[in-house]
Amino acid sequence: MSSDSIEIRTARTSDVKQIRALIDTYAAPGRLLGKETVTLYESVQEFTVAVIGEKVVGCGALHVLWEDLAEVRTVAVAADHHRQGIGHKILDAIVARAQAVGVKRIFCLTFETEFFGSHGFQVIEGTPVEPDVYAELLRSYDQGVAEFLDLEAVKPNTLGNTRMLKIL
């Protein structure tokens, strides 16, 4: 199928069931964190989807963590649509959204270091935030924040993946 027929857009609540099914194909083997359906509805506005006709064939989310920091989450493309540039288009849309909301740095936890590296993400060690921001982020209940902060409670990190950061 030609990538020209792929629409990249903000997710709608009507997409959540298909996003759920797509995530589940990667969560079972431990490539992505599983998410509760209620969480997907609560965060639907964070998601970008790739759609062919009415079928969601890819997704990804941008979750803002702080004034200048956000996390790329849940990037997935249906197996039968790999190698068509869909993941790249989704990530490009997420980066554009991050810039539009004023984020200066985006981070991800991934096994796909080559893919994210091709988009300018670099492997990080430690926590690249100021001590006062670190203290504020410690108040968050969000698992992604704990992973970003590299807290002992999440070591080894949930999936054993790599922490990467991109400066916009």
Side-chain angles (χ1 to χ4, degrees), residues 1-66 69-103 105-121 137 140-148 154 157-166 168:
M1 176 151 298
S2 164
S3 63
D4 294 336
S5 62
I6 297 168
E7 177 188 5
I8 306 295
R9 62 166 170 77
T10 302
R12 302 173 184 146
T13 56
S14 59
D15 298 325
V16 168
K17 288 178 184 172
Q18 292 184 74
I19 293 169
R20 149 101 289 127
L22 183 57
I23 292 170
D24 287 350
T25 65
Y26 291 97
R31 302 293 292 178
L32 280 180
L33 284 177
K35 295 194 183 292
E36 298 295 334
T37 302
V38 66
T39 303
L40 293 174
Y41 280 110
E42 289 171 345
S43 60
V44 70
Q45 72 281 356
E46 297 180 355
F47 275 85
T48 296
V49 291
V51 181
I52 297 175
E54 297 296 316
K55 183 179 180 190
V56 173
V57 297
C59 67
L62 178 73
H63 182 77
V64 175
L65 302 175
W66 199 251
L69 179 67
E71 180 183 4
V72 176
R73 293 182 171 178
T74 323
V75 175
V77 175
D80 58 342
H81 287 85
H82 284 185
R83 304 276 177 222
Q84 296 178 21
I86 295 171
H88 294 285
K89 289 181 180 187
I90 290 169
L91 188 54
D92 288 345
I94 290 170
V95 169
R97 182 184 283 182
Q99 292 170 319
V101 299
V103 170
R105 301 176 298 159
I106 51 178
F107 124 92
C108 66
L109 292 161
T110 186
F111 291 107
E112 304 299 332
T113 55
E114 188 174 316
F115 170 77
F116 281 94
S118 74
H119 285 268
F121 285 78
L137 288 173
S140 175
Y141 293 106
D142 188 279
Q143 182 72 16
V145 171
E147 294 277 10
F148 175 74
V154 294
N157 74 33
T158 309
L159 299 176
N161 47 20
T162 301
R163 298 163 68 239
M164 299 182 80
L165 185 74
K166 175 178 176 145
L168 302 179

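In this structure the side chain of Thr162 never reaches within 4.5 angstrom of the side chain of Leu109, judged on heavy atoms. Within the 4.5 Å cutoff, side-chain heavy atoms of Ile106 are placed close to those of Val95. Residues Ile23 and Leu40 meet the side-chain proximity criterion, which asks for heavy atoms closer than 4.5 Å. His81 places none of its side-chain heavy atoms less than 4.5 Å from the side chain of Ile6. Proximity of Val49 to Arg9: side-chain heavy atoms (C-beta onward) are separated by under 4.5 Å at one or more points.
Interatomic distance, Leu62 CG to Thr48 OG1, rounded to the nearest 0.5 Å: 8.0 Å. For the atom pair Glu71 CD and Ile94 CD1, the distance stands at 11.0 Å (nearest 0.5 Å). With rounding to the nearest 0.5 Å, the separation of SG in Cys59 from CD1 in Ile86 is 11.5 Å.
In this structure, Val103 and Ala70 approach most closely via the heavy-atom pair CG1-N, 3.7 Å. Between Leu33 and Ala27, the closest heavy-atom pair is C-CB, 4.3 Å. The shortest heavy-atom contact between Asp80 and Gln84 is O-NE2, 3.7 Å. Residues Val77 and His82 share a closest heavy-atom pair of O-NE2, 3.0 Å. Between Gly58 and Leu22 the shortest heavy-atom distance is CA-CD2, 3.7 Å. Minimum interatomic distance between Ala50 and Ile8 (heavy atoms only, all atoms of both residues): CB-CD1, 3.6 Å.
Taking the six-membered ring for Trp and thresholds of 30 and 60 degrees, His88 and His119 have nearly parallel ring planes, at less than 30 degrees apart.
The closest side-chain donor-acceptor pair between Arg97 and Thr10 falls under 3.5 angstrom. Checked by atom type, the side-chain pair His63/Glu46 shows a donor-acceptor distance below 3.5 Å.
The side chain to side chain donor-acceptor pair (under 3.5 Å) search around Arg12 returns none, not counting sequence neighbours. For the salt bridge (Lys or Arg N to Asp or Glu O under 4.0 Å) test, residues two or more places apart in sequence or in another chain that qualify with Arg20 are Asp24. In this view, Phe47 satisfies the ring pair (Phe, Tyr, Trp, His ring centres under 6.0 Å) rule with no residue, not counting sequence neighbours.
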Working note: Leu32 + Val75, criterion side-chain contact (heavy atoms from CB on, under 4.5 Å); need CA distance, chi angles, decisive distance, verdict. CA-CA 8 Å; Leu32 280 180; Val75 175; over 6 Å; no
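Of the residues Phe107, Phe116, Phe115, the one that meets the ring pair (Phe, Tyr, Trp, His ring centres under 6.0 Å) test with Phe121 is Phe116.
With Gln18 contributing its side chain and Glu54 its backbone, the two residues share a donor-acceptor pair below 3.5 Å. The main-chain N or O of Thr39 is found under 3.5 Å from a side-chain atom of Ser43 such that the two form a donor-acceptor pair.
Salt bridge Lys55/Asp15: absent, no basic N to carboxylate O contact under 4.0 Å.
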